[in-house]
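Working notes, structure below.
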Amino acid sequence: VQLQASGGGLVQPGDSLRLSCKASGFTLDDLPTGWFRQAPGKEREGVGCISSGDGKIFYADSVKGRFTISRDNTKNTLYLQMNSLKPEDTAVYYCAADTLVIPSHCSIASYEYDYWGQGTQVTVSS
């Protein structure tokens with residue numbers, strides 16, 4: 001199982017950015033997957049997740065209304081569209097997969113996840 005995150009970069013406040021997470025070794029919609037981030041000196045926090053199968057999506061309050069998770073099953077790729085970016089969104093962003101499948105459910109608790117991508121840096125600064 002491998003997850004390869006990409007798409008990070010340096011943007012200005014208010015800008016948009018889309019992160020991608022290419023999965024290999026498993027079919028993306030067979031497992032719950034999520035996006036997480038970790039800022040310097042802070043604990044890793046959940047951004048949002050998408051359940052296996054029906055693709056129910058849950059977001060952390062801090063990003064609700066600004067970030068959108070989607071999944072392209074034909075490309076086996078997970079996306080995180082980030083709009084109206086703020087300096088406090090600066091962090092290393094990770095995608096992850098959870099081997100515990102519960103219908104229509106996913107978690108934004110990082111300890112639930114078993115497989116992790118390598119992370120991609122997002123910096124929001126003027």
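The model shown is predicted, which means the values in this text are computed figures rather than measured ones.
Put simply, the side chain of S16 reaches to within 4.5 Å of the side chain of Q81, judged on heavy atoms. Under the 4.5 Å side-chain criterion, counting only non-hydrogen atoms from C-beta, R37 is in contact with D89. Inter-residue side-chain proximity for D98 and L31 is flagged as unmet; no heavy-atom pair is nearer than 4.5 Å.
In this structure, I57 CD1 and F67 CZ are separated by 14.0 Å, a value rounded to the nearest 0.5 Å. Rounding to the nearest 0.5 Å gives a distance of 7.0 Å between OH of Y93 and CG of L80. Taking OG from S62 and CD from E45, the interatomic distance works out to 5.0 Å, rounded to the nearest 0.5 Å. Note that CG of D29 and CG of N73 are 4.0 Å apart. Values are rounded to the nearest 0.5 Å.
E43 CD: 12 or fewer foreign heavy atoms inside a 6.0 Å radius. A 6.0 Å sphere centred on OH of Y115 holds no more than 12 heavy atoms belonging to other residues, nucleotides or ligands.
Checked against side-chain hydrogen bond (donor to acceptor under 3.5 Å, both in side chains), T99 has the following partners two or more places apart in sequence or in another chain: D114. Considering only residues two or more places apart in sequence or on other chains, T123 meets the side-chain hydrogen bond (donor to acceptor under 3.5 Å, both in side chains) condition with Q121.
Y79 is not connected to V47 by any chain of hydrophobic side-chain contacts under 4.5 Å among Ile, Leu, Val, Met, Phe, Trp and Tyr, and they are in different clusters. I102 and I50 fall into different hydrophobic clusters, defined by Ile, Leu, Val, Met, Phe, Trp and Tyr side-chain heavy atoms under 4.5 Å apart, directly or through other members. M82 and F58 are members of different hydrophobic clusters when ILVMFWY side chains are connected at heavy-atom separations under 4.5 Å. If you chain together hydrophobic residues whose side chains sit under 4.5 Å apart, I108 and V122 never meet in one group.
Checking side-chain atoms of R44 against main-chain N and O of Y111 turns up no donor-acceptor pair under 3.5 Å. Looking at N76, its side chain does come within 3.5 Å of a backbone N or O of L28 through a donor-acceptor pair. Remark: the backbone N or O of K75 is paired with a side-chain donor or acceptor of K22 at under 3.5 angstrom. S51 places a side-chain N or O within 3.5 Å of a backbone atom of K56 that can act as its donor or acceptor partner. Distance alone, capped at 3.5 Å, is enough to place a donor-acceptor pair between the T90 side chain and the V124 backbone.
Within the structure, disulfide (SG to SG under 2.5 Å) pairs that include any residue of residues 26-68 comprise C49-C106 (at least two apart or interchain). Pairs engaging residues 72-102 under the disulfide (SG to SG under 2.5 Å) rule: C21-C95 [sequence neighbours left out].
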* Asked: Can T68 and Y59 be said to form a side-chain contact (heavy atoms from CB on, under 4.5 Å), step by step?
  -> CA-CA 8 Å; T68 302; Y59 297 100; 3.8 Å; yes
* Apply side-chain hydrogen bond (donor to acceptor under 3.5 Å, both in side chains) to the pair D30 and S52, showing each step before the final yes or no. => CA-CA 5 Å; D30 282 349; S52 62; over 6 Å; no
Show me the donor-acceptor pairs within less than 3.5 Å that the side chains of residues 1-12 make with the rest of the protein, sequence neighbours left out.
none

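The two atoms that bring P13 and S125 nearest to each other are CD-C, 3.7 Å, heavy atoms only. Annotation for G46 and A60: closest pair O-CB, 3.3 Å, computed over non-hydrogen atoms.
Connectivity analysis of hydrophobic side chains (ILVMFWY, heavy atoms under 4.5 Å, direct or indirect) links W116 to F36, V92, Y94, Y113.
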